[in-house]
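None of these values were measured; they are calculated from a predicted model. All values below come from the heavy atoms of this structure, side chains included, with hydrogens, waters and symmetry mates left out.
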Amino acid sequence: MRNKSIIAAFALAGAFFSAQEKNEFVAPNENLIAQNILPIPKSLGQSLKKYSESRNASLADIHPNGKEIIAVTRFASTNQLYKISMPLGARRQVTFFDEPVNIASYEPTKGEYLVYSKDTGGNEFGQLYTLDLKTLKSKLLTDGGRTQNGGITWKKDGSGFYFTSTKRNGGDRDIYYMNPLRPEETKPVLELKGGGWGISDISDDHKKLLITEYVSANDSYLYIYDTETKKLEPVTDRKEKGIVQLNASFGKKPDEIYYITDRDNEFSRLAVLNVKTKKISYLTTAIPWNVEGYDLSKDKSRLSFITNESGINKLYLLNTDNQKYTPVSNIPVGLIGGGKFSGDGKSLYFSQSAANSGSDIYKMDIASQNIEKWTESEQGEMQPTDMAIPKLIEWKSFDGMKITGFYYPAPAKFTGKRPVLISIHGGPEGQSMATSLGQANYFPNEMGIAVIAPNVRGSSGFGKAYIAADNGYLRMNSVKDIGALLDWIAVQPDLDKDRIMITGGSYGGFMTLATAYEYADRIRCSMDVVGISDFNTFLKNTEEYRRDLRRVEYGDERIPKMAEFFTKIAPLNNIDKIKKPMFIVQGTNDPRVPVSEAIQMRDKLKGQEKTVWYLEAKNEGHGFRKKENIDFQRLAMIRFMQEYLLK
C-alpha cells in the first residue's frame, strides 16, 4: 500500500513538473497543426515581441468629399477597415472581423456606405458586402459560396456597379451588374472564357466598359464592351503575342485610351492609344524602367504614375493637355503605392514606406506639392536603428546573365563571418524590393544573420526578356541563379558559406525545395512556405479559375513531354537527394498551392527518415494572415534556425 502511495506521489510530481515545463513554452493555438517542432521557450516569444508589434497602413478609398479616407491597418489579429477624417487623426474602426478585410470602395456620390470584400479562412473566395457607415451593419451581396467576386467598377452616379465573378462554373470570370441596394436583381452582363478577365474603366456616359484579358505576365489584351449593343470589340490584336497591355482608362479626348504596355520596348511604358486610328503615343520612353501603375483624375486633366526603378518606386505627375510629366521630388526613397486622386483632383493620396519604416498614408496638395502625413503606424519597440538597410548586389549566373538582389547585413556588433538566410520571392513574376524586413529584422539584429532577397530570372521589374527567361523547360535555370548566388556568398569576406539557409513562399517555396536537392551539400537547412512540390499535381489541384493562367507560365502538364519534365524536376521525386533539415509551412485552405502539395512532401520526407518540421494552419490559405499564427510561425522559424543554422 505504501509502495502504491509512493508511486502515486511520483506520478503526481511528474504531472506537476510536466505541467510546469509546459507552462515555460509557447503552445500552438487550436488552429495550428504543429509536428516535430522543438519546444519554443516563452522567453523567445518575449524577445521577439519588440519586432512583432509593428503595423502598416494602406489606402482603401477616398470619400467623395475628398476629405476622409478608408484605411487598412491592423490593431488586433487581422487587417480591418478604419475611417480617418484628418491628418494624423483618430482611426475609427468600422469592420470587426476575425478574417482580414483589405479591399473597400465608397459609394461614389454621397459615400454613406462601402462595398468591401472578405473571404473565409484564406480560401480567396471573396464575397462582396455593403457596410452602412452609420450603423456599421454589413449585408452579404453575393452568393456566399465557393466563388470569387471582385473588380468593382461603379457607375459615376452611384446607381450600381459592374463586377467580375466565377459563379457560373468556377473557372471562367464573367461580368455582372449589381445595384447594391437590390442585390437580388443582379444581372449577368457578359460571359467570358478564362479566369484572367477584369474591368479597367467605365465611360462617363456608362455606355462602354474597358475590359482586360490577362493571359500571362507577357501577354494581355484590351477590349471595349458596349453595354447597349452588347458587343465586345477588341482594342488590341489577340494574334499578337508577347505584349503586355493593361490598366486601361478612357481619356479626356474622344476615342483616347491611356494604358500601360511593353509593346516595342523592353519595359512597360505609359501610352495613349487612339481607338479609331490605332495610333499609339508613348509617354514615358525616357524612363528606362517599368511604369507599374497610374491614376487619372476625375476631370482627366492630370495623371499620376509610379515607376519601379531597380526595386525603388518613384512618383510622377503628368499634365494630359501637353503630356509632359515631372517627378515628385520631396518623397523619401522607398516604396510607393495606392496613388489616387480626390474627386476634385486637387489632392493625391498615396502610401509610402522605407527600409527603416512601415507603410503610411500621405496626402499631397497638387498645386503646391506639399505633402502631409495622414497615419503614423507604430513600429512597436523597434527603432529605425534596429532595421537593416538593404544594399543592391549583383552576380553573374552560369550563363553570364546578371542577377541582382538586396542584401541586408547584420550589424557591426556581430563579429566574424555571418550566417546567411536567402529569402526567395514568389510569383514567379514577383520582385524583391528595397523594403523593410518588418518582423524579420530579428534575424540580423538579434541573431546576426545576414538576409539576401534575390531577383532570379523570371522576376518582374527587369524587362520582358528577363521575366520570360524561366518559362516552361527553362525552369531550372532560375534554380541555377541561386547556385551562382551561393558562389558569390563563398567569396564574401563577411559571409559564412558553410551556414546558409534557404526559404521562400509559393513559387519561392518550389525554389526552396529545388535548391534543397540541387545544392544539398552547400546549405544547412530550408524552410518551404506554401510551396509547389510537383508541378504535375499542383496544376491538377490548383483552383480551376487559375489553372490555365499558370500553365502559360509553367507549362501544360497534359502534354506528355512537359509532364515528363515536371516529373524529373519535382522535389517530391528527388527526396533522396535532400540531406538537410526541412521546415514546411502550409495553410489548409490554400486555393493556389493546395495543402496536398505540402502533405505529400512531408510524408515522403518522413518516409525516408529525413528531418522535417511541419506547421499547418486550419484557418489560413496561401500564407498566414492572422497575427497569432504569424507570430507562432516566426517563433518556430527562429527555433529551427537556432537548431540547424547557427549550431
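- Counting only N and O atoms by type, the side chains of E628 and S77 include a donor and acceptor under 3.5 Å apart.
- With hydrogens and angles ignored, the 3.5 Å screen pairs no side-chain donor or acceptor of Y408 with any backbone N or O of S436.
- The backbone N or O of T284 lies less than 3.5 Å from no partner atom in the side chain of R269, so there is not a single donor-acceptor pair.
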Walk me through it: do Y442 and S47 pass the test side chain to side chain donor-acceptor pair (under 3.5 Å)? CA-CA 9 Å; Y442 187 93; S47 69; 3.0 Å; yes
Verdict with supporting geometry, T588 and E616, side chain to side chain donor-acceptor pair (under 3.5 Å): CA-CA 6 Å; T588 304; E616 181 183 327; 2.6 Å; yes
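- Formation of a donor-acceptor pair under 3.5 Å by the Q586 side chain with backbone atoms of V593 is found in this model.
- Of the possible donor and acceptor atoms, one in the side chain of N29 sits under 3.5 Å from a partner among the backbone N and O of N31.
- Taking 4.5 Å as the limit, some side-chain heavy atom of I403 sits within range of a side-chain heavy atom of W395.
- The side-chain heavy atoms of S310 and L392, taken from C-beta on, include a pair separated by under 4.5 Å.
- With contacts defined as side-chain heavy-atom distances shorter than 4.5 Å, the pair D386/K50 qualifies.
- You'll find the side chain of N218 stays beyond 4.5 Å of the side chain of V552, heavy atoms only.
- Counting non-hydrogen atoms of other residues, nucleotides and ligands closer than 6.0 Å to NZ of K568 gives a total of 12 or fewer.
- For E609, the CD atom sits in a loose shell: 12 or fewer heavy atoms of surrounding residues, nucleotides or ligands are nearer than 6.0 Å.
- Residues S432 and P454 approach most closely at OG-O, 3.5 Å, considering heavy atoms.
- Among all heavy-atom pairs drawn from S351 and S58, the shortest one is CB-CA, 4.4 Å.
- Using bins of under 30°, 30° to 60° and over 60° for the plane-to-plane angle, the ring pair F640/F583 lands in the tilted bin.
- Using a 4.5 Å cut-off on side-chain heavy atoms (C-beta onward), Q492 and R418 make no contact.
- Side-chain atoms of D360 come within 3.5 Å of backbone atoms of S377 as a donor-acceptor pair (strictly under, hydrogens ignored).
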Should N79 and N102 be marked as a side chain to side chain donor-acceptor pair (under 3.5 Å) after you check the CA-CA gap, both sets of side-chain angles, and the distance that decides it? CA-CA 7 Å; N79 281 351; N102 293 301; 3.0 Å; yes
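- By the neighbour-count criterion of 12 heavy atoms within 6.0 Å, atom NZ of K627 is densely surrounded, having more than that number from other residues, nucleotides or ligands.
- Side-chain N/O atoms of T404 and N455 include no donor and acceptor closer than 3.5 Å.
- The shortest distance between side-chain heavy atoms of I502 and Y519 does not fall below 4.5 Å.
- Partner R550 forms a salt bridge (charged side-chain N to carboxylate O under 4.0 Å, His left out) with one of E543, E429, E557 and no other, that one being E429.
- One N or O on the side chain of E597 and one on the backbone of S533 form a donor-acceptor pair closer than 3.5 Å.
- Taking the six-membered ring for Trp and thresholds of 30 and 60 degrees, F566 and F535 have ring planes inclined between 30 and 60 degrees apart.
- Remark: side-chain polar atoms of E378 are not paired, donor with acceptor, to backbone N or O of S54 under 3.5 angstrom.
- Between the R91 side chain and the L88 main chain, no donor and acceptor come within less than 3.5 Å of each other.
- A donor and an acceptor atom, one from each side chain of N573 and T567, are nowhere located under 3.5 Å apart.
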Could you go through E309 and T307, starting from their C-alpha distance and side-chain angles, then the distance that decides it, and tell me whether this counts as side chain to side chain donor-acceptor pair (under 3.5 Å)? CA-CA 6 Å; E309 305 188 14; T307 59; 2.8 Å; yes
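- Within a 6.0 Å sphere centred on CD1 of I103, heavy atoms belonging to other residues, nucleotides or ligands number 12 at most.
- With rounding to the nearest 0.5 Å, the separation of CD1 in I449 from CE in M641 is 3.5 Å.
- Looking only at side-chain heavy atoms (C-beta outward), Y316 and S304 stay at 4.5 Å or farther from each other.
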Using side-chain contact (heavy atoms from CB on, under 4.5 Å), reason through E53 and E381 one step at a time and then give a plain yes or no. CA-CA 8 Å; E53 301 306 312; E381 297 174 26; over 6 Å; no
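- Evaluation of the salt bridge (charged side-chain N to carboxylate O under 4.0 Å, His left out) test over residues 443-456, restricted to residues two or more places apart or in two chains, returns none.
- Salt bridge status for K579 with D521: present, with a side-chain N to carboxylate O gap under 4.0 Å.
- Under a 3.5 Å cut-off, the side chain of N36 and the backbone N or O of V612 do form a donor-acceptor pair.
- Between K626 and E99 a salt bridge is recorded (basic side-chain N to carboxylate O distance below 4.0 Å).
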Let me see the working for K413 and N445 under side-chain contact (heavy atoms from CB on, under 4.5 Å), right down to the final yes or no. CA-CA 9 Å; K413 65 183 179 182; N445 209 46; 4.1 Å; yes
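- Smallest separation of non-hydrogen atoms from A57 and T375: CB-OG1, 3.6 Å.
- Across V244 and S268, no two heavy atoms sit closer than the pair CG1-OG, 4.4 Å.
- Each of H622, R592, R546 was checked for a side-chain hydrogen bond (donor to acceptor under 3.5 Å, both in side chains) with E124, and the lone residue meeting it is R592.
- By the 6.0 Å contact criterion, NZ on K373 is enclosed, its count of non-hydrogen atoms from other residues, nucleotides or ligands being greater than 12.
- With sequence neighbours left out, the side chain to side chain donor-acceptor pair (under 3.5 Å) criterion links D603 to no other residue.
- Closest approach of Y507 and S478 over heavy atoms only: OH-OG, 2.9 Å.
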Would you check, one step at a time, whether the test side-chain contact (heavy atoms from CB on, under 4.5 Å) holds for F632 with L615? CA-CA 9 Å; F632 188 86; L615 180 64; 3.9 Å; yes
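- When atom types are taken as modelled, the side chain of Y294 and the backbone of N247 share a donor-acceptor pair closer than 3.5 angstrom.
- Proximity of S216 to E553: side-chain heavy atoms (C-beta onward) are nowhere separated by under 4.5 Å.
- Across S459 and Y466, no two heavy atoms sit closer than the pair O-CD2, 3.6 Å.
- Salt-bridge formation is not detected for the pair D528/R602: no Lys NZ or Arg NE/NH1/NH2 atom is positioned less than 4.0 Å from an Asp or Glu carboxylate oxygen.
- By the 4.0 Å N-to-carboxylate-O rule, R457 lies close enough to D399 to be salt-bridged with it.
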Go through the steps for R475 and F565 under the test side-chain contact (heavy atoms from CB on, under 4.5 Å), then give the verdict. CA-CA 10 Å; R475 182 62 45 206; F565 174 70; 4.1 Å; yes
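- Taking the side chain to side chain donor-acceptor pair (under 3.5 Å) definition, one finds that K647 meets it with E643, sequence neighbours left out.
- A salt bridge (charged side-chain N to carboxylate O under 4.0 Å, His left out) with D487 holds for exactly one of K480, K497, R522, K396; it is R522.
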Salt bridge (Lys or Arg N to Asp or Glu O under 4.0 Å) evaluation trace for D534 with K604: CA-CA 12 Å; D534 185 338; K604 204 163 183 181; over 6 Å; no
